[in-house]
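Order of appearance sets the numbers: ligands from 1, and atoms from 1 within every ligand. Every heavy atom of this structure was used, including side-chain atoms; hydrogens, water molecules and symmetry mates were not. Remember, predicted model here, so these are calculated numbers, not experimental data.
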Amino acid sequence: MNIHSFAKKKLEREKISMVTCYDHWSAKILNETDVDCLLVGDSLAVVMHGFDSTVHATIDMMEMHVAAVARGAKDKFIVADMPFLSCSKGVDQAMDAVHRLMNAGANAVKIEGDKHQIDIIEHIVDAGVPVMGHLGLMPQSIHNLGGHKVQAKDEEQANALVESAQRLQAVGCFSLVLECIPTKLGSCVSQQLDIPTIGIGAGAHTDGQVLVLHDLLGVNPDFTPKFLRRYADSFSMVRGAVNHFHSDVTDQSYPAPQESYR
Ligand code: KIV
């Protein structure tokens, strides 16, 4: 996969799949799957580090996780999130962050929003780095949005989102994540753009879908947003396996002679 394959998939009406990946062991597994693209999302601040929002992701964290993923998923296209405020402190700081993520092994960066970030996005694209946009629910702006809610529900907000999407395409984004917006709007943006859209909670008509790996694996039984489909019950699987180990240790059936050195 490369940025041209993203465009080709849209032209040929083939859907794009993307999942988050934050560490080396899951990168090695995902490298052996058919999934098109890995996202080292800033959601790692929540999923891997236990913070309550993505604003706690730092460039140090992102760089370390990107490097771990890149060492494990050598055949996958890797997108790395630019962390909170990394595009708001001027072009030099933004370019330093991009440099660190690309040197760590990313193939592209993802940036939330299109307001004060737009000139920086254009600059990054001009510097030869592919940029994935991100509109709709933007978790880095959660304090401004007043919580995790479906975005752009009225006509004015929907029109503004379409304009933002067009602006991001015009400055050279190669694809666009649409998060938590009505299905009709997801479809409308996808039809109006030449670049592919990748939805999460944006309905079935976007050009691709992205999910957080841990959510699709069912690691957290308490996280139940409407858009989520679980493909495994990893919470029960891991708890069951570790309890099995514990009972084998306590009843002394582990280790058996064949698991011991003479
Ligand atoms: O950080 C992340 O996991 C994301 C996805 C939800 C698209 O941005």
Side-chain angles (χ1 to χ4, degrees), residues 6 15-23 26-27 30 35-59 61-66 68-69 73 76-87 97 101 104 106-114 117 121 130-142 145 147-152 161 164-165 168 173-181 186 189-190 195-203 206-217 219-220 223-230:
F6 279 81
K15 297 278 184 181
I16 297 162
S17 63
M18 178 162 85
V19 291
T20 60
C21 182
Y22 312 127
D23 54 38
S26 62
L30 294 175
V35 78
D36 290 314
C37 173
L38 304 185
L39 170 66
V40 186
D42 58 357
S43 51
L44 62 80
V46 179
V47 179
M48 301 297 281
H49 295 268
F51 288 108
D52 61 358
S53 82
T54 62
V55 306
H56 299 280
T58 63
I59 187 64
M61 269 186 201
M62 296 304 301
E63 183 183 37
M64 189 183 68
H65 285 280
V66 169
V69 169
K76 293 293 180 189
F77 189 86
I78 299 170
V79 181
D81 258 334
M82 288 279 279
F84 183 55
L85 296 186
S86 54
C87 288
L101 297 177
N107 302 110
V109 296
K110 176 163 81 58
I111 295 174
E112 289 185 13
D114 74 308
Q117 303 90 337
I121 293 176
V131 177
M132 180 179 273
H134 184 148
L135 294 174
L137 178 63
M138 292 177 281
Q140 290 176 8
S141 308
I142 203 68
L145 301 174
H148 286 92
K149 299 176 188 154
V150 178
Q151 301 296 303
L161 191 141
S164 294
L168 288 171
C173 284
F174 74 97
S175 60
L176 174 65
V177 165
L178 295 173
E179 180 164 354
C180 284
I181 57 170
V189 176
S190 306
I195 58 170
T197 57
I198 303 183
I200 174 163
T206 51
D207 303 304
Q209 298 290 332
V210 52
L211 281 178
V212 168
L213 179 68
H214 297 67
D215 297 343
L216 79 86
L217 293 179
V219 169
N220 179 1
F223 186 62
T224 54
K226 181 172 178 166
F227 64 78
L228 177 61
R229 184 180 296 177
R230 288 215 179 94

Note down each nitrogen or oxygen pair, ligand 1 side and protein side, whose separation is under 3.5 Å; give only atom names and the distance to 0.1 Å.
residue  : atom  : partner : partner atom : Å
ligand 1 : 1 (O) : Asp42   : N            : 3.2
ligand 1 : 1 (O) : Asp42   : OD1          : 3.0
ligand 1 : 1 (O) : Ser43   : N            : 3.1
ligand 1 : 1 (O) : Ser43   : OG           : 3.2
ligand 1 : 1 (O) : Asp81   : OD2          : 3.1
ligand 1 : 3 (O) : Ser43   : OG           : 2.5
ligand 1 : 8 (O) : Lys110  : NZ           : 2.8

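- No side-chain heavy atom of Thr206 sits less than 4.5 Å from a side-chain heavy atom of Lys15.
- Side-chain contact between Met132 and Leu176 is absent, with no heavy-atom pair separated by less than 4.5 Å.
- Using a 4.5 Å heavy-atom threshold, the side chains of Met82 and Ile59 count as separate.
- Between His65 and Tyr22, the ring-plane angle classifies as perpendicular under the 30° and 60° cut-offs.
- Qualifying side chain to side chain contact (heavy atoms under 4.5 Å, CB included) partners for Leu228, counting only residues two or more places apart in sequence or in other chains: Leu211, Asp215, Phe223, Pro225, Arg230.
- Taking 4.5 Å as the limit, some side-chain heavy atom of Ile16 sits within range of a side-chain heavy atom of Phe6.
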